[in-house]
Amino acid sequence: MSQRTTVYISIMLVAAILGIMLAVQFRVVNRSPGGISANRAEELLTDLKQINREQENLKKEIADLNYKLNQVNKGKSEAIEALRGELNKVRMSAGLVTVTGPGVEVVLDNPKNETEPGMPPGLFIIRDEDLLKVVNELWGAGAEAISINGQRIIATSEIRLAAPFININTRRVVPPYQVLAVGNPDTLVSSLELPGGLVEYLRSLGIDITVEKHDDLTIPAYAER
Amino acid sequence: MKTKSYYWVMLLVGLVMGIILAVQFRVTRHITQNTPALDRPIALAQQLDKARESRDRLQVRVDELRARLDEAAAGPELARMKEELDRAREKAGMTQVQGPGVEVTLNDSSKVLQPGANPNLYVLHDEDVLRILNELKAAGAQAISINGQRLISTTEVRCIGPTILLNKNQRLSPPFVISAVGHPDTLANSLKMKGGVVDSLQFWGIQVDVKKVDEVTVPAYTGGLVFEYARPEK
């Protein structure tokens, strides 16, 4: 074997091994996770937490119903008591009972100073949809009862501009709008004041908005028409 | 000389191989250390499916227990209270409602976007759904559901990506069908009013279809009622 052939063979060998290694390396790198998975995990985790919370609630409900069922089977007076308990809870959920509890007070008022030049006037007056969003955000954050200027929000409550006023439960409400919500004060406040969230958006429109925690709020019952 | 150069080549080959092996080893180890991140979404998704299943089971159980409570309370003395309970349940959205009404079908925009246009403007937002629901309520709808999920007082609407979240994590996917029981003409007209909700949604190309129907069924709310913070006033 000449010296040359040996050198050539050695170089070929090195090149071949290098090639294989490179190929393996590429494949391994390709398989490593992309940037999406972190977001996906985050999204799934939020879902999971919420479902777990819901399960907790359902378990409480089952325990409660089981207890009432037991009472009903015990005797007449217990039965009446158990039914009354269930009735009260359903009435509370329907908004037919005045409730008290900790929560937040959100006060919204129209911008006081003149609108900036170049912006159409009247664009920044609080609209029905702003109030709708506030209420929706509060329900989403786990509020248990809400009222606006004394009007309890129930399943069929509308918040609708009937110019120049906003009607809620077909009653006229005027600014400043005082939204009361019973629920976990910290959760309610943090969901409203999320960076880039609703309060920031409304403030950027120039709407005067304050959010305050309270230990004890009273939310009136829905007044039947 | 001959053997010497042969040794040099061998040495070179050995060196290169060694370095490559070392790099390979480090990269592989690095990746195995990070694999949990790769599997996390999958594990979470499986967990989520399981949680959903057990949630649904719990929900069925709640319905059963409510029905049994009603049965057990069938005595004549309890009849009056039972009646009151039924009335309250109706108002709370815990009974199925049937009657004339409308069906509103919603879907994202079918508009072909101009290059550079913001696609976000042409998809359905929570506020769009909120406004339609609000309009229906203002027009006197007695009961409303979206894709079979009953709206109660505490119902929130959240649009996340292409889906809507309702009643604390009930996920709905398009097309969204809103069923409302009420006076069909009043409901339909209030939506289709000039400058109304349907008008403004169609500006963005969002597909809205309002149909009057003689008989629409709005199912009962089936979740739990848990009040952790609110207490009835004494």
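From a predicted model like this one, the values you see are computed outputs, not experimental measurements. Computed over heavy atoms, backbone and side chain alike; hydrogens, waters and symmetry mates excluded. Order of the sequence lines sets the chain letters (A, B, ...), proteins ahead of strands, with each chain counted from 1.
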Under the side chain to side chain contact (heavy atoms under 4.5 Å, CB included) criterion, do Glu228(B) and Asn57(A) qualify, and how do the steps go? CA-CA 10 Å; Glu228(B) 262 178 86; Asn57(A) 279 347; 4.1 Å; yes
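- Of the atoms belonging to Ala141(A), it is backbone heavy atoms, and not side-chain ones, that fall under 4.5 Å from chain B.
- The two residues Thr100(A) and Glu233(B) come nearest to each other via the heavy atoms CG2-CG, 4.1 Å.
- Judged by distance alone, with hydrogens and angles left aside, the side-chain atoms of Glu86(A) form no donor-acceptor pair with the main-chain N or O of Leu85(B) at under 3.5 Å.
- Within the 4.5 angstrom heavy-atom criterion, no atom of Arg87(B) approaches chain A.
- One N or O on the side chain of Glu144(A) and one on the backbone of Ala230(B) form a donor-acceptor pair closer than 3.5 Å.
- For the pair Trp139(A) and Thr155(B), the minimum side-chain heavy-atom distance is 4.5 Å or more.
- Most heavy-atom pairs under 4.5 Å with chain B, from the set Ile219(A), Ile159(A), Val97(A), Ile17(A): that is Ile159(A).
- In terms of heavy atoms, Arg160(A) sits closest to Ala138(B) at CD-CB, 3.1 Å.
- When heavy atoms are compared at a cutoff of 4.5 Å, Gln142(B) approaches chain A solely by way of its backbone atoms N, CA, C and O.
- Residue-environment remark: CG (Asp49(B)) exceeds the threshold of 12 foreign heavy atoms within 6.0 Å.
- Looking only at heavy-atom pairs under 4.5 Å with chain B, the residue among Gly142(A), Ser93(A), Pro185(A), Gly95(A) that has the most is Ser93(A).
- When every heavy atom of Gly224(B) is checked against every heavy atom of Leu58(A), the shortest pair comes out as N-CD2, 3.5 Å.
- Counting heavy-atom pairs under 4.5 Å between each of Asn184(A), Asp64(A), Leu96(A) and chain B puts Asn184(A) at the top.
- For the atom pair CG of Leu65(A) and CZ of Arg61(B), the computed distance is 9.5 Å after rounding to the nearest 0.5 Å.
- Heavy-atom pairs under 4.5 Å with chain B were tallied for Ile153(A), Asn66(A), Thr218(A), Ile146(A); the largest tally goes to Asn66(A).
- With values rounded to the nearest 0.5 angstrom, Asn134(B) atom CG is found 10.5 Å from Leu161(A) atom CG.
- Neither the backbone nor the side chain of Arg57(B) comes within contact range of chain A, judged by heavy atoms closer than 4.5 Å.
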Arg158(B) vs Glu137(A), test: side chain to side chain contact (heavy atoms under 4.5 Å, CB included). Steps then yes/no. CA-CA 9 Å; Arg158(B) 277 184 180 171; Glu137(A) 192 66 43; 3.5 Å; yes
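- Only the backbone of Leu151(B) comes within contact range of chain A, judged by heavy atoms closer than 4.5 Å.
- Counting heavy-atom pairs closer than 4.5 Å to chain A, the top residue among Asp126(B), Leu12(B), Leu48(B) is Leu48(B).
- If you tally non-hydrogen atom pairs under 4.5 Å between each of Leu21(B), Leu65(B), Thr154(B), Asn167(B) and chain A, the highest count goes to Thr154(B).
- A pairwise comparison of heavy atoms in Thr156(A) and Ala141(B) identifies CG2-O, 3.7 Å as the closest pair.
- The structure places CG of Leu58(B) at 4.5 Å from CD1 of Ile62(A), a figure rounded to the nearest 0.5 Å.
- Here the CZ atom belonging to Arg68(B) is positioned 14.5 Å from the NZ atom belonging to Lys68(A), to the nearest 0.5 angstrom.
- The most heavy-atom pairs under 4.5 Å with chain A, out of Met17(B), Lys91(B), Lys82(B), come from Lys91(B).
- Contacts with chain A were tallied for Met94(B), Glu64(B), Glu135(B), Glu84(B); Glu135(B) has the most, counting heavy-atom pairs under 4.5 Å.
- Side-chain atoms of Lys60(A) do not come within 3.5 Å of backbone N or O of Val226(B) as any donor-acceptor pair.
- Here the closest heavy-atom approach between residue Asp216(A) and residue Arg231(B) is recorded as OD1-NH2, 3.9 Å.
- Per-residue counts of heavy-atom pairs under 4.5 Å with chain B were compared for Val182(A), Asn52(A), Leu13(A), Leu69(A); the largest is that of Leu69(A).
- The CD atom of Glu127(B) sits 4.0 Å away from the NZ atom of Lys133(A) when rounded to the nearest 0.5 Å.
- Atom-to-atom distance recorded for Glu61(A):CD and Gln59(B):CD is 10.5 Å, nearest 0.5 angstrom.
- In this structure, chain B has heavy atoms under 4.5 Å from both the backbone and the side chain of Arg84(A).
- For a residue to count as touching a neighbouring chain, one of its non-hydrogen atoms must lie under 4.5 Å from one of that chain's; by this rule Val16(B) touches chain A with the side chain only.
- Chain B forms more heavy-atom pairs under 4.5 Å with one residue of Gly140(A), Gly101(A), Ala82(A) than with any other, namely Gly140(A).
- Here the shortest heavy-atom pairing between Ala88(B) and Arg91(A) reads CB-CG, 3.7 Å.
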